[in-house]
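Everything below concerns the one structure shown next.
For ligands, and for the atoms within them, numbers begin at 1 and follow the listed sequence. Below, each value reflects all heavy atoms present in this structure, side chains not excepted, and no hydrogens, waters or symmetry copies.
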Amino acid sequence: MLIITDQITIRLMQDNIDDYKLMEKWRTDEEVLKFYGGRDYPYFIEKVIETYQPRIRGEEGVTPCLFYYQNIAIGYLQYYSLNDLPETDRQMYRLESTDNVYAIDLFIGETNYWNQGIGTKVLTAVIEYIFTELQAVKIVIDPNVKNHRAIRCYEKCGFVKVKLLPSHELHEGKYQDCWLMAIARKKSLH
Ligand SMILES: CC(C)(COP(=O)(O)OP(=O)(O)OC[C@H]1O[C@@H](n2cnc3c(N)ncnc32)[C@H](O)[C@@H]1OP(=O)(O)O)[C@@H](O)C(=O)NCCC(=O)NCCS
């Protein structure tokens with residue numbers, strides 16, 4: 001288990017059909033796809049396995065996790081060190097240094113759990129984990145500029161908008177602008 005708080009549990013995604021089916025359920029839901037992946041690009045089971053199995057096996061430097069709210073599996077998150085990304089992907093963040101910089105992507109796949117502060121709780125727990133356990137100096141996240149709920153959630157967690165990333169993400173047939181948002185580790189007093 002990665003993280004357990006009073007209501008949230010975050011664990012590594014497993015190489016088994018139950019986890020793949022959860023992912024298929026979420027990544028074929030039109031409401032989720034509108035904000036994550038695109039309605040023109042649902043992930044059915046074969047695509048889910050093709051995409052997530054290499055991550056689960058540690059072949060891509062991306063750590064895939066499922067999270068639970070009060071013991072109900074509700075969503076997915078992944079984190080990765082920018083230095084583990086292929087050069088072209090890393091350059092898309094337009095940062096001077098990517099040393100000890102991590103990125104997070106997430107979605108709540110059970111849409112009836114949106115807007116209840118759960119995303120903020122999950123992200124806050126992951127931020128704490130990445131700073132303390134992985135010695136990150138900075139964490140970035142890159143929401144679509146039109147995804148106001150995600151941006152608000154990230155601001156509540158302490159992320160600030162750093163710069164606009166023009167045409168950063170191909171979403172539903174168009175290259176769309178995103179915000180690069182970042183949070184820095186608090187300087188230790190010691
Ligand atoms: C983004 C996501 C993880 C946030 O989690 P969440 O639990 O819904 O977020 P929270 O409830 O913690 O916070 C959302 C905030 O946005 C606000 N909000 C909701 N809709 C909004 C809108 N259209 N415009 C502005 N703010 C909005 C909420 O009121 C809340 O702020 P408040 O606490 O000040 O009232 C979740 O909504 C989700 O998975 N969405 C679909 C996929 C997605 O967008 N993933 C992120 C891709 S970058």
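For ligand 1, the polar-atom distance check finds an N/O of T120 within less than 3.5 Å of one of the ligand's N/O atoms. Below 3.5 Å of separation, one finds an N or O of N147 facing an N or O of ligand 1.
Nearest protein neighbour of atom 41 (C) of ligand 1, counting heavy atoms only, is W114 CZ2, 3.3 Å. Among protein heavy atoms, atom 48 (S) of ligand 1 sits closest to Y154 OH, 3.2 Å. In this structure, atom 16 (O) of ligand 1 lies nearest to the protein heavy atom R152 CG, 3.2 Å. Considering only non-hydrogen protein atoms, atom 37 (O) of ligand 1 sits nearest to R149 NE, 3.1 Å. Among all non-hydrogen protein atoms, the one lying nearest atom 11 (O) of ligand 1 is G117 N, 2.8 Å. At the shortest separation from atom 22 (C) of ligand 1 among protein heavy atoms lies H148 CB, 3.9 Å. Closest to atom 45 (N) of ligand 1 among all protein heavy atoms lies L106 O, 3.0 Å. Atom 13 (O) of ligand 1 has as its closest protein heavy atom K156 NZ, 3.3 Å.
For the residue pair N144 and E169, a side-chain donor N or O sits within less than 3.5 Å of a side-chain acceptor on the partner.
The environment of CD in E87 is crowded: more than 12 heavy-atom neighbours from other residues, nucleotides or ligands sit within 6.0 Å. Within 6.0 Å of CG in N71 there are 12 or fewer heavy atoms belonging to other residues, nucleotides or ligands.
Between Y76 and Y52, the gap from one ring centroid to the other is short of 6.0 Å.
Relative to atom 6 (P) of ligand 1, the option among G119, G75, C178 with the closest non-hydrogen atom is G119. Around atom 39 (O) of ligand 1, the closest heavy atom drawn from I108, I74, D142 belongs to I108.
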(request) Check step by step if side-chain hydrogen bond (donor to acceptor under 3.5 Å, both in side chains) holds for D105 and Y79. (result) CA-CA 7 Å; D105 306 310; Y79 64 82; over 6 Å; no
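Within 4.0 Å of atom 29 (O) of ligand 1, not a single protein heavy atom is present. For atom 2 (C) of ligand 1, the nearest protein heavy atom lies 4.0 Å away or farther. Put simply, atom 35 (O) of ligand 1 has no protein non-hydrogen atoms near it, under 4.0 Å away.
The shortest side-chain heavy-atom distance between L123 and F159 falls under the 4.5 Å cut-off. No side-chain heavy atom of Y41 sits under 4.5 Å from any side-chain heavy atom of R27.
Hydrophobic clustering, with ILVMFWY side chains joined whenever heavy atoms are under 4.5 angstrom apart, keeps L82 apart from L106. In this structure, I3 is a member of the same hydrophobic cluster as I118, with clusters built from ILVMFWY side-chain heavy atoms closer than 4.5 Å.
Applying the salt bridge (Lys or Arg N to Asp or Glu O under 4.0 Å) test to K156 and every residue at least two apart in sequence or in another chain returns nothing.
When heavy-atom distances to ligand 1 are checked against a 4.0 Å cut-off, I151 has no atom that comes that close, whether in backbone or side chain.
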